[in-house]
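Quick caveat: nothing in here was measured; it's all calculated off a predicted structure. Positions are given from 1, in the same order as the sequence printed here.
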Amino acid sequence: MATSREENRSPATRKVVRLGIAVAVGMLVYSGLWFGAAGALEKKLAAILGGDNPAAIEAACPDMKVGGYPFRIGVTCTTLAVDDHFHGLSATFGAFRSAAQVYAPGHVLWELEGPGQIRSSLGFSLALQWTKMRSSLAAGLSGLDRSSIEVKDVQSLLTKQVDGATIEARAPHSEAHVRRSGDDLDLAVLARDAVLSLHGQPPLLPPLSASVDMTLIGKAKYLDLEGDRGEGLYGSEGEIRRFVADLGEGRVLTLSGPVSIGTDGMLSGKLHVEIEGIKAWQETLRNAFPDEREMIDNAASVLGALFSGKDKGDADLTVTNGVVSLGIFPIAVLPPL
């Protein structure tokens, strides 16, 4: 009887049946692969969070879940905690969420909720809050290729634990981008209308918008968490393609040129500087840093003479171990980083 019914079916019906069976089998295979990949990802993340990574950083991701079936795969945690024992840093944050499309697993989007708390064994703590933090990263066969992060309405409070001195910073918008360029690292950072003040006191400066686009030579390894242990940026070289600081009302400063940071944190380099609103800069900085008025007035006088009394101009500066010189004349001294 079954054979008779099969023979009575039309060729179109048989094709539909076969297609349905193929789709069902395909879905079963795909589901098996997805859940297998999710299980493998969960095990790999557990190892990485336990310290099995180049930087030996440990992290905790409570209530970790891998989800997103059928077309995405991602990880969620109720909170996120990080411990870098080598550098003496620990941090805690709010909920963490990440997701990647199954056809592009190397492109990951993630979000992190506040508040955040970062503690240093050097005696500092940093409290953070924001309304939105989101990021994306792209990884290839050679490791992480690029990453971007955007933060809205960030507020930070840096506290020195010894005497309780605090510095507060706020910015409605900030973002950072890093990209591998061979062995070098391209870096771009932007902050709009940032305000800096001692906690509970008026702002030190008017709202500042600043951006930097630069390359750090030989630092692409940081994308793989393989920095020289304890080195940080000391002993580094780079090229500032463009740095801009804008305080509004015509106060604009632009820098470009090669720079280096010594092992003692002192800055050196050859910088081309463009400045607008010299007198306004002078007055603003004098009010913000009264202890440095002599140095500020000296620098403004030299620039005024160089620009023939004009309120703007450009010049080439040399920085040698923190000493800023215009030609043979030193005009400022920078503290170590």
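- Note: the hydrophobic cluster containing V323 does not contain M295 (ILVMFWY, side chain heavy atoms under 4.5 Å, direct or indirect links).
- Residues R146 and R180 are not in side-chain contact: their nearest non-hydrogen atoms beyond the backbone lie 4.5 Å or more apart.
- Checking R251 against T284 by side-chain atom types alone, a donor-acceptor pair falls below 3.5 Å.
- Note on R241 versus D186: salt bridge recorded, some NZ/NE/NH1/NH2 to OD/OE distance being below 4.0 Å.
- Among K132, R134, R97, the single residue meeting the salt bridge (charged side-chain N to carboxylate O under 4.0 Å, His left out) criterion with E111 is R97.
- Annotation: side chain of F93 is not in contact with side chain of T79 (no heavy-atom distance under 4.5 Å).
- More than 12 non-hydrogen atoms from other residues, nucleotides or ligands lie less than 6.0 angstrom from CZ of R293.
- At a threshold of 4.0 Å, the pair D316-K270 does not count as salt-bridged, since none of the basic side-chain nitrogens sits closer than that to a carboxylate oxygen.
- Nearest heavy-atom pair across G94 and L112 is O-CD1, 3.8 Å.
- Judged by distance alone, with hydrogens and angles left aside, the side-chain atoms of S135 form a donor-acceptor pair with the main-chain N or O of S148 at under 3.5 Å.
- Residues L144 and L109 do not share a hydrophobic cluster, clusters being chains of Ile/Leu/Val/Met/Phe/Trp/Tyr side chains in contact below 4.5 Å.
- There is no side-chain donor-acceptor pair under 3.5 Å between D246 and S209.
- Residues satisfying the side chain to side chain contact (heavy atoms under 4.5 Å, CB included) test with I278, not counting sequence neighbours, are I275, A300, L303, F307, D311.
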